[in-house]
Amino acid sequence: MLDGLVQQADEVISEAAASSTVTLRFGNTEWTPPTLLGAIQAAVPTVDVETETLAPAAAVDAVHRGALTVAMVPASATDMPDSLLQPGLETTVIVREPIWLAVPRGHPLVGRTFVDGTHLSTLYWVHYSRDHWFHEIEKRLLARLNYTDLGAVHYADGHHEAMSWVRDADAAALTTATGATGDVRLVPIRETQSIAQLLVWRRDTVARDTLRRLVDTVRQYYCEYARSIPRYLSWIMEHPAEFPELERFLPLRAQAV
């Protein structure tokens, strides 16, 4: 009993210390829309919120050093990076995103229910540069689909650059929904892989209520973002077991149009 009281007291002290944070610094990967900053600020109105976009490894390091309060970083759903296993770091899954094929509007593959490895060799490819976090994930998925050397017209240093080549060069690229832009179209890949979007923080530095609000806010924001990609929202609604973290935030099936 005494041990329990001591633990409870420690938790109260940690909570009080974490609650004294004046500025919440939120790291994100690839790109950070202003609307995400606005959603986070609305969720924690008593503190100032700052956002920063940086590579996943740099974001994790910044959290570990205390330069960031929390960060949302992508990771292979089956292979956790060593950087996330550092002592004192905590993580939770925001969502698991499938990797899909991005093609231009009007492309013949847009109307297909799925594509598989047989469709990939005919495409004009954009891949990701060798020092980009998505490169190894892309490489493993293509190997799984039995395509290890598709060639490429360009190696992009980010999803938005890749999407611009898809749009303007009639190319194709792999991406997650959060890497896509509104001027391309996404097609599901049969037997694809998923990426886990993780929230990372240092133990005992963020109040539990703040963490809960952040997790709920980012998940809700993700669902709102999915509304802008009707086919993806429909997929989420039709495959809820693949998105267990979003269960409380999913709209009615009738809205998935």
Side-chain angles (χ1 to χ4, degrees), residues 1-97 133-134 176 178 194-225 243-249:
M1 179 176 178
L2 182 59
D3 289 343
L5 290 174
V6 171
Q7 181 180 357
Q8 185 178 17
D10 288 342
E11 290 176 352
V12 171
I13 293 171
S14 297
E15 185 86 358
S19 297
S20 65
T21 302
V22 175
T23 302
L24 189 150
R25 295 179 175 87
F26 187 98
N28 195 36
T29 300
E30 289 286 341
W31 67 291
T32 306
T35 48
L36 178 58
L37 170 61
I40 296 171
Q41 184 65 80
V44 286
T46 60
V47 300
D48 293 329
V49 177
E50 296 176 357
T51 53
E52 181 175 352
T53 304
L54 62 175
V60 173
D61 179 65
V63 171
H64 191 257
R65 292 185 290 105
L68 289 175
T69 312
V70 297
M72 191 163 70
V73 298
S76 169
T78 58
D79 185 16
M80 189 73 71
D82 291 342
S83 61
L84 290 171
L85 303 178
Q86 298 180 68
L89 290 183
E90 302 278 358
T91 65
T92 192
V93 176
I94 296 297
V95 66
R96 293 172 175 84
E97 287 191 288
W133 66 268
F134 195 72
T176 59
T178 49
S194 293
I195 291 176
Q197 296 289 350
L198 304 173
L199 194 70
V200 185
W201 68 95
R202 282 194 304 166
R203 186 180 301 125
D204 299 331
T205 61
V206 186
R208 285 172 295 177
D209 180 62
T210 299
L211 280 172
R212 179 187 58 77
R213 292 185 186 187
L214 283 174
V215 170
D216 285 353
T217 296
V218 177
R219 285 175 178 163
Q220 180 67 51
Y221 184 89
Y222 188 90
C223 289
E224 291 299 322
Y225 174 78
F243 303 89
E245 295 82 11
L246 302 183
E247 181 179 3
R248 292 198 298 116
F249 307 96

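If you're wondering where the values come from, they're calculated on a predicted model, not measured in any experiment.
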Between E97 and Y222, is there a side-chain donor-acceptor contact under 3.5 Å, judged purely by atom types and distance?
yes
What's the spacing between T35 OG1 and L37 CG if we round to 0.5 Å?
9.0 Å
Taking the side chain as C-beta and beyond, is there a heavy-atom pair between [X] and [Y] under 4.5 Å?
X    : Y    : answer
W31  : L36  : no
V47  : T210 : no
F249 : V95  : no
P244 : R96  : yes
L68  : L54  : yes
V215 : L199 : yes
T69  : T205 : no

Testing the basics here: between A39 and T217, what is the closest heavy-atom pair and its distance to 0.1 Å?
O-CG2, 3.5 Å
All heavy atoms of I94 vs all of E245, minimum pair found to be O-CB, 3.3 Å
Indicate yes or no: does D216 engage R213 in a salt bridge with an N to O separation below 4.0 Å.
no
